[in-house]
Amino acid sequence: MSRVLIAEDSPSIRLLLTRRLEMAGHVVAEARDGAEALAMLESAPDDGGPEILLLDAMMPNTDGPTVLRHIKQADWKIPVLVVSAVAGLSRSEEWQEADGHVSKPIDFEYLLDRIEVLTSARPQP
Amino acid sequence: MTRSDHLETTLNHVPSALFLLDPDRVIVHRNRAAEKLAPPLKVGMDLWTALGPITGEEKVDRIMRGERLLFQIAPDLPVLEWMIAVDRPPDGSLVLMAWDTMITDEILQRRTTFVVGASHELRSPLTALLGFSEILELEIDSLTPQQAEAVTVIRRNSQHLQSMVDDIIDLSKNSFGDLSLELETIDPTVIIEGVPRSMRPRIEARQQTLTVDISDSLPPIMADPRRLRQIITNLIQNAHAHNPPGTAIEVSATASSKDLIIRVADDGDGLAFDDPEDAFTSFRRGSTTDDALIAGSGIGLAIIRRMVELHRGTVTVETGPGEGSTFEVRLPRDYDQAKFWIVPGNL
């Protein structure tokens, strides 16, 4: 069970991710764009905040790469899983710092597995 | 003025670049427009040596095959449309033309952006469709039989749609030259054995038979293993999906002095096209026997042909209604030499 933050601008995909993750026993918070995601991460309590971020690659208002850069530069210890419609994004420079990639359509077994691996590997605060 | 003067004057004032290539594809003459529009293509160079370093050999192959291509020689030169004349002089020479279409590099870039954008636009709703139908299927035991059936049909068709979107995106990437091959010298036996092995369970589940007949010691060839796997998988999948239970499918591989020859044959329904070549250009699928299996196969053959051509090979089919089908893929043993066998054909 992990606390997952989703940053995704499409309401249908947001709902889909929330449902599937809740069905797998996770606790989910939603952000509608990059700016909201960063705001939620900044105001999160030290020990009860999100443990992993699912970041949509293409969003308006503070885009994906900007969010990723911000998190890595601020050295927030939260793994970032990028979700994108375009395959091969993992080879592009601006996404190099991401902790994992999931492409659409989403293979949920793979996604849930990635979440488990990334959240158990993170260093305890 | 003599007739020769007339010709000279005309040639040198035609605003399109004109090149005469000898049967070895060496440039033996170019007009004044060619000097201005495509300076690096000089007399005495063969086309691959001249154009290869600028655009990549694959684009040269495609021009030689008769395709019209748009590209820029250098950032300060206009984007030109290139075309080989299909009507060739009897001695095997070729005429190559290039003209300024006024299409800017910016417009070309927009096409790539379009593909990327379209891919996102199409894949997001598909993600939702597939995702939610999967959720319903997880609860299938608590649905009524009609609901369960509806959910299964929705999920299956969503997958079909997804397959076709993938194919369309692949195809459009290919026409913009973005479908890349990573060629390496490989032992084809591994792939030609491996693909049928992994597909055997689903074929036998449909009461079809699969036999594999591979010659000993197939020669190594230059190929992209991922694409070769895709080609063979697609051909077997087509034989499997388009034919009824009881069909026999055979995969065989031999070598001639020139080529590696891979055949996928079935004794099923055959393709319902007047000209078997149409199978590679038409989106029609011929007969369909079972919705569930025909995922994306409408565009599949066009892509297979593209991929085979990227290997400088050929793919043909022998078929007829009720006569089964035999697909034959020929891949050259000498990839480099094979470029000289490309001739402008009917596209």
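Throughout, a chain's letter reflects where its sequence line sits, starting with A, and its residues are numbered from 1.
- Using a 4.5 Å cut-off between heavy atoms, A:L17 does not touch chain B at all.
- Nearest heavy atom pair, residue A:M1 against residue A:G25, reads CG-O, 2.9 Å.
- Within 6.0 Å of the CZ atom in A:R32, the count of heavy atoms belonging to other residues, nucleotides or ligands does not exceed 12.
- Within a 6.0 Å sphere centred on CD of A:E116, other residues, nucleotides and ligands contribute 12 heavy atoms or fewer.
- Rounded to the nearest 0.5 angstrom, A:R3 CZ and A:L5 CG are separated by 11.5 Å.
- In summary, A:D63 and A:R69 do not engage in a salt bridge, as defined by a charged side-chain N under 4.0 Å from a carboxylate O.
- Under 3.5 Å, the side chains of B:Q230 and B:R227 contain a donor-acceptor pair of N or O atoms.
- Atom CG of B:D224 and atom CD1 of B:I186 lie 8.5 Å apart (nearest 0.5 Å).
- For a residue to count as touching a neighbouring chain, one of its non-hydrogen atoms must lie under 4.5 Å from one of that chain's; by this rule A:S12 touches chain B with backbone and side chain alike.
- Contacts with chain A (heavy atom to heavy atom, under 4.5 Å) involve these residues of residues 129-139 of chain B, listed by number: B:L130, B:G131, B:F132, B:E134, B:I135, B:L138, B:E139.
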